[in-house]
Amino acid sequence: QVQLVESGGGLVQPGGSLRLSCAASGSIFSIIAMGWHRQAPGKQRELVAGITSGGSTNYADSVKGRFTISRGNAKNTVYLQMDSLKPEDTAVYYCNARKIVGGTWLDYWGQGTQVTVSS
């Protein structure tokens, strides 16, 4: 099992910034990628940003140029720096870790942290 704990969410005005953190613990062996997804009311959960064990990153088109995913010195820690926030970014943000188990991929999820962008 992998446990993921997110922090850093909150209320921010449009144009502001937030930094989300995620720490993985437990059976972190064979984690090959970590990332952030978000889910707004009435919408499906969507990928925001991801980073692989090799350091490759990818972003949703809607956040490119505004969000940056990074990995801490401890490889089981990831961050999401969110700048120039828009009301459309309002959602619950979930940390994700992907692990190889028995030759297949298995995803683990944190409880989520609320991000609200509003005046």
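When a residue number appears, it is its place in the shown sequence, counting from 1. The model shown is predicted, which means the values in this text are computed figures rather than measured ones.
The number of heavy-atom neighbours closer than 6.0 Å to CD of Gln111, taken from other residues, nucleotides and ligands shown, is 12 or below.
A single hydrophobic cluster is seen to contain both Val48 and Tyr59, as judged by linkage of ILVMFWY side chains at heavy-atom distances under 4.5 Å, directly or through other members. Under the 4.5 Å side-chain heavy-atom criterion for Ile, Leu, Val, Met, Phe, Trp and Tyr, Val92 and Met82 are members of distinct hydrophobic clusters. Under the 4.5 Å side-chain contact rule for hydrophobic residues, Ile28 and Val101 share a cluster. Cluster membership for Val78 and Leu106, using ILVMFWY side-chain heavy atoms within less than 4.5 angstrom, is shared.
Between the CG atom in Asp83 and the OG atom in Ser17 there is a gap of 3.5 Å [rounded to 0.5 Å].
The disulfide bond (SG atoms under 2.5 Å apart) contacts involving residues 5-114 comprise Cys22-Cys95, where partners must be two or more places apart or lie in separate chains.
Put simply, the side chain of Arg71 gets close to the backbone of Thr52: a donor and an acceptor are under 3.5 Å apart. Remark: the backbone N or O of Tyr108 is not paired with any side-chain donor or acceptor of Arg98 at under 3.5 angstrom. With hydrogens and angles ignored, the 3.5 Å screen pairs no side-chain donor or acceptor of Thr116 with any backbone N or O of Thr90. Put simply, the side chain of Thr113 gets close to the backbone of Gly9: a donor and an acceptor are under 3.5 Å apart.
When all heavy atoms are compared, the tightest approach of Leu47 to Ala60 is O-CB, 3.4 Å. Gly110 and Tyr94 get closest at one heavy-atom pair: O-CD2, 3.5 Å. For Ala91 against Gln114, the heavy-atom pair with the smallest separation is O-NE2, 3.4 Å. Heavy-atom minimum distance, Ala97 versus Ile31: CB-CD1, 4.2 Å. Residues Lys99 and Ser27 approach most closely at NZ-OG, 2.7 Å, considering heavy atoms. Leu85 and Leu18 get closest at one heavy-atom pair: CD1-N, 3.9 Å.
Listed by chain and residue number, nothing satisfies the side chain to side chain donor-acceptor pair (under 3.5 Å) test with Ser25 (two or more places apart in sequence, or in another chain). Under the side-chain contact (heavy atoms from CB on, under 4.5 Å) criterion, Arg66 pairs with Val63, Ser84, Lys86, Asp89, not counting sequence neighbours.
Using a 4.5 Å heavy-atom cutoff, the side chains of Pro87 and Ser118 are not in contact.
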Original post:
Please walk me through it: do Leu20 and Glu6 pass side chain to side chain contact (heavy atoms under 4.5 Å, CB included)?
Top reply: CA-CA 7 Å; Leu20 305 183; Glu6 306 104 328; over 6 Å; no
Original post:
Could you go step by step and tell me if Gln81 and Ser70 meet the side chain to side chain contact (heavy atoms under 4.5 Å, CB included) rule?
Top reply: CA-CA 8 Å; Gln81 178 67 42; Ser70 62; over 6 Å; no
**OP:** Take Arg38 and Glu46 through the test side chain to side chain contact (heavy atoms under 4.5 Å, CB included) and record every step on the way to the result.
**Re:** CA-CA 6 Å; Arg38 67 186 180 187; Glu46 64 175 350; 2.9 Å; yes
Original post:
Under the side chain to side chain contact (heavy atoms under 4.5 Å, CB included) criterion, do Trp36 and Asn96 qualify, and how do the steps go?
Top reply: CA-CA 6 Å; Trp36 293 92; Asn96 161 255; over 6 Å; no
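The aromatic rings of Tyr93 and Phe67 sit tilted relative to each other, their planes meeting at an angle between 30° and 60°.
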